[in-house]
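Taking it in order: structure first as structure tokens, then the write-up.
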Amino acid sequence: MAEIPKVYNPSEIEPKWAQEWVEKRLFQAATDSDRPMFSLVIPPPNVTGSLHMGHMLEHTEIDILIRWKRMQGMNTLWLPGTDHAGIATQMVVEKQLAEQGLDRRKLGREAFEKKVWEWKEQSGDTIKKQMVRLGTSCDWSRERFTLDPGLSRAVREVFVRLYEKGLIYRGNYIVNWCPRCQTAISDLEVVHEEHLGNLFHIRYPVAGAEDAVSKEWVVVATTRPETMLGDTAVAVNPSDERYRKFHGRMARLPLMNREIPFITDELADPAFGTGVVKVTPAHDANDFQAGLRNDLPQINVMDESGKMNANAGAYAGLDRFEARSRVLADLKEQGLLEKIEPHTHARGHCQRCKTVVEPRLSTQWFVKVKPLAESAIRAVEDGRTRFLPDNWAKIYFDWMRNIHDWCISRQLWWGHRIPAWHCQACSHIIVAREEPGSCSHCHAGKLEQDPDVLDTWFSSALWPFSTLGWPERTKDLETFYPTSLMITGFDILFFWVARMMMMGVEFMGEAPFRTVYIHSLVRDAEKQKMSKTRGNVVNPLEVTEKYGTDAVRFTLAIMAAPGTDIALSEDRMASYRAFANKIWNAARFLSLSLEKSGAEPWTPPADGVCLPLSDSNGQMALEDRWIFSRLTRIAGEIGTAWEAFRFHEAAHLIYHFFWHEFCDWYLELKKLTFAPLQGPLPPAWENLCRAFDLSLRLLHPMMPFLTEELWQRLGPRQQSIALAPFPNYNPTMVDESAEKEMNLLQEIIGNIRNMRAEMRVDAKRKIPVELFAANGNVSRLSGQYSQAIERLANLSALQLVAEPLTAEGGAVRSLPEFAVKIALNDAVDVEAERNRLKKEEEKLQRDRNAVSARLQNQEFLSKAPKDVVESLRQRKEELDVKYSKVTETLRNLN
RNA sequence: GGGCGGUUAGCUCAGUUGGUUAGAGCACCUGCCUUACAAGCAGGGGGUCGCAGGUUCGAGCCCUGCACCGCCCACCA
């Protein structure tokens, strides 16, 4: 093994391995494999920028599972790629153009698209580099982008098939319109925010009764008074007796001086406000429906930028909010503004730019989702796909069962152009996979493609099969679909997961994944959401540079308990950097010791399996028996944890195992056996190397770089640790008696250490200690391991005595299986020991009383399971023994 | 207006079907530079598990109510 530096420096080794893994195409999936398959498609990051901490968590979780499955011998596919993210990316590029004093309209559609492609190349490249640097084990030969030709073909295919099935339609409806982005957006892209606004009560005079004598009016309430300019009716509830007299009459619309009818419609709720409601079919979804029911005209009073248009009469040209103030001022002047009430209501904002969304009447393309949703619901109901944590299934169901049609057209330039062509001669619309030569209706030759593009999520919805080659029946599709797992964030459950479910079931006949795991949200150390505006964003590259990728990955893993958010702090990263350093130094120790021994370097077993080795007499040292027993148990527990996405548990297990078992005890005990050697390594050393090898494999899915580096240094290798078999649980390696004996040894040493500390024995001083063993096992063990006890408890001598120890002339600590004694002249602070014993005596007494009480409870004895009662009895016995020993020791000390 | 989650050590959080003595990291205290590691070693202190009831032989865990915090969904003007 080459010389290892004292301090672990991740930045020296990580880029090297990251590059090598990619170059060697280590993670390429096979289509001709007979091994079990595990596949997963990446939630494609947007090409709007670089990866953030949320991505890093997502990728860490995915990578841990993929690496683990791969090490278990499965044929794994992690398919990487990126999303064109229509509106978001277009905005980024438009912003850049604005900085140069340009805008997309000046540039023209074609030139603008070219600019966006340039951006995409750069951003996509950054993302890939970042992923490689973070060690993600993707199959880069299968990298995809949502606007790739193949994926675009899949989009057109799906569009046409849905259209032909009657599940895509075009029509004039109220949609959510962002006046800033100047496009329609879907319901999901509208975020509602509580807003303290006003409810304006406006008088609408009754036609024919405007004069001073018969003066009559009704009062309507609205939060958006400027829309009144487009009112085409006033509605009252048919059952509302108060307004019966107005049925069939007309109202005079103020400001516009237009007569509009009173209509009776359920739209009006007698209990709300005055029970009279203005009807504006072109600017409100409910009014729109009422308008259809009552055959009302639709008057659109705004343009696409939110400015009032010619239909708004005197207000034309004003911005909608300016128009609002002017309308109110004018109403007030005319005495028609009855009152203004403060009113809290939810207001819709554009998810991207936060502009207040305007309900707008326009012609758009829609997907009729109900039929698709039904099959997607069934797939989860009957367990073909399961959600974890399972509360997400409920949220999925709730949304799917109340789903509304999906507006899929966007008035943008960046995205998949809608595959529909408008005949310039007869206005016929042709939906087709490829551009038609002439109109199928009038046979004229002049056709123009619909200018709109599709909602980004339309193509994302196809991702699990479009990336595998659909609509071709490819080998990839056959091998890897349905995918085994989807790991993603809850924020795109509806946007993406739900829609993939619908499209997957519809076009593949099978849901796209067996399991959907919803991961945590990464917050900052103060539990605040990370956002650019808050300025609390942790940059993955920065922290990986500072603490090492493995440490950051480990931090994320150990904090990733299902269903809870992660409060990421640099303190934690620092502590897991220390863990990485610990592993590094264990390796360093091993390498230095091997070198010093003079023996031949270690050669890993050819079969790749590292079973423990007995000596020529068939014997194995206690520490070896113990560590392999612990190793196999931990391997099993880690697997169980990962199987259930309990990443935090797996991380805790390995952390504790490696640090507090492997290093603190195993290595310390091993030090005793080191002696000069020559020739091949004896079993004691062989086992040390093998146990370390296996430990590195357990660690590898979480800390790929460090483990690869050390594994390669540990012995000559043919391949990467990423392809080494993962040490699964092996019951034959469990050694209960070794575990028991080891526990005893640890207890003896621990008690002496504790005693020394309590009594303030100089830490540097080696002192003699007497030990009494209560039975043959203890006596044999302590005899055999007296050197270990001496070394680990810093003793000059461990003296085994045959008679029970008395506290005469010393301080004694008695436990059920053994007692230890320090001579008084070695103990500086006997008083401290006395106080400690008193405290312990009190506690033991309390515990005994509590346990006795329970054991005397007849109901407990009769109703509790036998094993519970039995273990409590045993506990009582233990407590009794401990108590009497403590009491006795204390008496002797006095 | 509906729905969901949280409240456990000074801080940040674990605690899978109710079962012996509630854990971790960081921070803190004491002592050690013991040649793998001071990013280390050894030892230690610290919790009425948000509040009030209930179910149970037994509750951090189950039920009810309350308080505070956070989130999601929603076409009531």
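Residue numbers start from 1 in every chain, and the chains themselves are labelled A, B, ... in the order their sequence lines are given, proteins ahead of strands. Owing to the predicted nature of the structure, the values given are computational and were not obtained by experimental measurement. The analysis underlying the following values was restricted to heavy atoms, covering all of them including side chains, and did not include hydrogens, waters or symmetry mates.
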Separation of the C1' atoms in A59(B) and A22(B), to the nearest angstrom: 13 Å
Sugar-phosphate only, base, or nothing, as touched by Trp392(A) at under 4.0 Å among non-hydrogen atoms: nothing
Spacing of the C1' atoms in A9(B) and A14(B) (rounded, Å): 13 Å
N/O (side chain, Trp665(A)) to phosphate O (OP1/OP2, A42(B)) under 4.0 Å: no
Shortest side-chain distance from Asn581(A), nucleotide among C37(B), C41(B), C57(B): C37(B)
Sugar-phosphate only, base, or nothing, as touched by Ala268(A) at under 4.0 Å among non-hydrogen atoms: base
Selected nucleotide, minimal atom distance to Val7(A) side chain, candidates C26(B), G25(B), A39(B): A39(B)
From U21(B), G3(B), U12(B), nucleotide with atom closest to Arg875(A) side chain: U21(B)
Rounded distance in Å between the C1' positions of A24(B) and C71(B): 27 Å
Closest to the Phe589(A) side chain, choosing from G25(B), A36(B), C76(B): A36(B)
Electrostatic pair Glu341(A):Lys339(A) at N-O distance under 4.0 angstrom: yes
Proximity to the side chain of Leu667(A) - top-ranked nucleotide from G15(B), C26(B), A36(B): A36(B)
Lys671(A) charged N/C atom sitting above Phe589(A) aromatic ring, 6.0 Å / 45°: yes
Selected nucleotide, minimal atom distance to Val868(A) side chain, candidates C57(B), G19(B), A36(B): G19(B)
Polar side-chain contact Lys582(A)-C37(B) base: donor and acceptor under 3.5 Å: yes
Any donor-acceptor N/O pair, Arg203(A) side chain to Pro254(A) backbone, under 3.5 Å: no
Sugar-phosphate, base or nothing in reach of Arg753(A), heavy atoms under 4.0 Å: sugar-phosphate
Which residue lies more 5' along RNA chain B, comparing His345(A) with Ala574(A) via nearest heavy atoms: Ala574(A)
Sugar-phosphate only, base, or nothing, as touched by Asp664(A) at under 4.0 Å among non-hydrogen atoms: sugar-phosphate
P gap between G6(B) and U64(B), integer Å: 14 Å
Touch class at under 4.0 angstrom, heavy-atom based, for Asp269(A) against every strand present: base
N/O-N/O pairs, protein side and nucleotides 67-75 of chain B side, under 3.5 Å:
residue	atom	partner	partner atom	Å
C75(B)	O2'	Asn286(A)	ND2	2.9
C75(B)	O2	Asn286(A)	OD1	2.4
C75(B)	O2	Asn286(A)	ND2	2.9

Quiz item: Lys6(A) side-chain donor-acceptor pair to A38(B) base, under 3.5 Å: no
Rounded distance in Å - CG (Leu521(A)) to C1' (G5(B)): 13 Å
Arg854(A), nearest nucleotide to its side chain (from U21(B), A24(B), G3(B)): U21(B)
Residue matched to G25(B) through Watson-Crick or wobble contacts both under 3.5 angstrom: C11(B)
Touch class at under 4.0 angstrom, heavy-atom based, for Ile566(A) against every strand present: nothing
Phosphate contact (A14(B) OP1 or OP2) by Thr564(A) side-chain N/O below 4.0 Å: yes
Sugar-phosphate, base or nothing in reach of Ser871(A), heavy atoms under 4.0 Å: base
Rounded distance (Å) that lies between atom C1' of C13(B) and atom CG of Leu556(A): 15 Å
Pair Glu358(A) + Arg224(A): basic N to acidic O under 4.0 Å: yes
Of the listed nucleotides U12(B), G19(B), G40(B), the one nearest the side chain of Ala578(A): G40(B)
Cationic N near anionic O, under 4.0 Å, Asp287(A) to Lys278(A): no
Residue matched to G47(B) through Watson-Crick or wobble contacts both under 3.5 angstrom: none
Phe860(A) CZ to G19(B) C1', straight-line distance once rounded to whole Å: 8 Å
Options A36(B), G40(B), C26(B), nucleotide nearest the side-chain atoms of Cys663(A): A36(B)
salt_bridge(Lys394(A), Asp398(A)) N-O dist < 4.0 Å: yes
Asn585(A) vs Ile558(A), nearer the 5' end of RNA chain B by closest nucleotide: Ile558(A)
Test: Arg854(A) cationic atom under 6.0 Å from Phe860(A) six-membered ring centre, within 45° of axis: yes
Sugar-phosphate, base or nothing in reach of Arg588(A), heavy atoms under 4.0 Å: sugar-phosphate
For C68(B), the Watson-Crick or wobble counterpart (both distances under 3.5 Å): G6(B)
Salt-bridge criterion met for Lys882(A) and Glu840(A) (N-O under 4.0 Å): no
P spacing across the pair C33(B) / A39(B), given as an integer number of angstrom: 16 Å
Sugar-phosphate only, base, or nothing, as touched by Pro865(A) at under 4.0 Å among non-hydrogen atoms: base
Sugar-phosphate, base or nothing in reach of Lys671(A), heavy atoms under 4.0 Å: base
Integer angstrom distance from the C1' of G5(B) to that of C76(B): 28 Å
Side-chain donor/acceptor of Glu189(A) to backbone N/O of Ser186(A), under 3.5 Å: yes
Glu668(A) (side chain) and A42(B) (base): donor-acceptor pair under 3.5 Å: no
Ionic contact status for Glu842(A) with Lys838(A), cut-off 4.0 Å: no
Complementary nucleotide for C76(B) - Watson-Crick or wobble, under 3.5 Å: none
For atom CD of Gln874(A) and atom C1' of U21(B), their distance in whole Å: 15 Å
side-chain N/O Asn754(A) vs G44(B) OP1/OP2, d < 4.0 Å: yes
P atoms of C49(B) and C61(B), separation to the nearest Å: 9 Å
Gap in Å between the two C1' atoms, one belonging to G53(B) and one to G47(B), rounded: 23 Å
Nearest-nucleotide pick for Lys764(A), side chain only, options being A14(B), C33(B), U20(B): C33(B)
Assigned partner base of C57(B), Watson-Crick or wobble definition, under 3.5 Å: G19(B)
Arg646(A) side chain near G15(B) phosphate (N/O to OP1/OP2, under 4.0 Å): yes
Carboxylate-amine/guanidinium proximity below 4.0 Å for Lys863(A) and Glu859(A): yes
Ring pair (Phe, Tyr, Trp, His ring centres under 6.0 Å) evaluation trace for Phe579(A) with Phe554(A): CA-CA 9 Å; Phe579(A) 180 48; Phe554(A) 198 85; 5.1 Å; yes
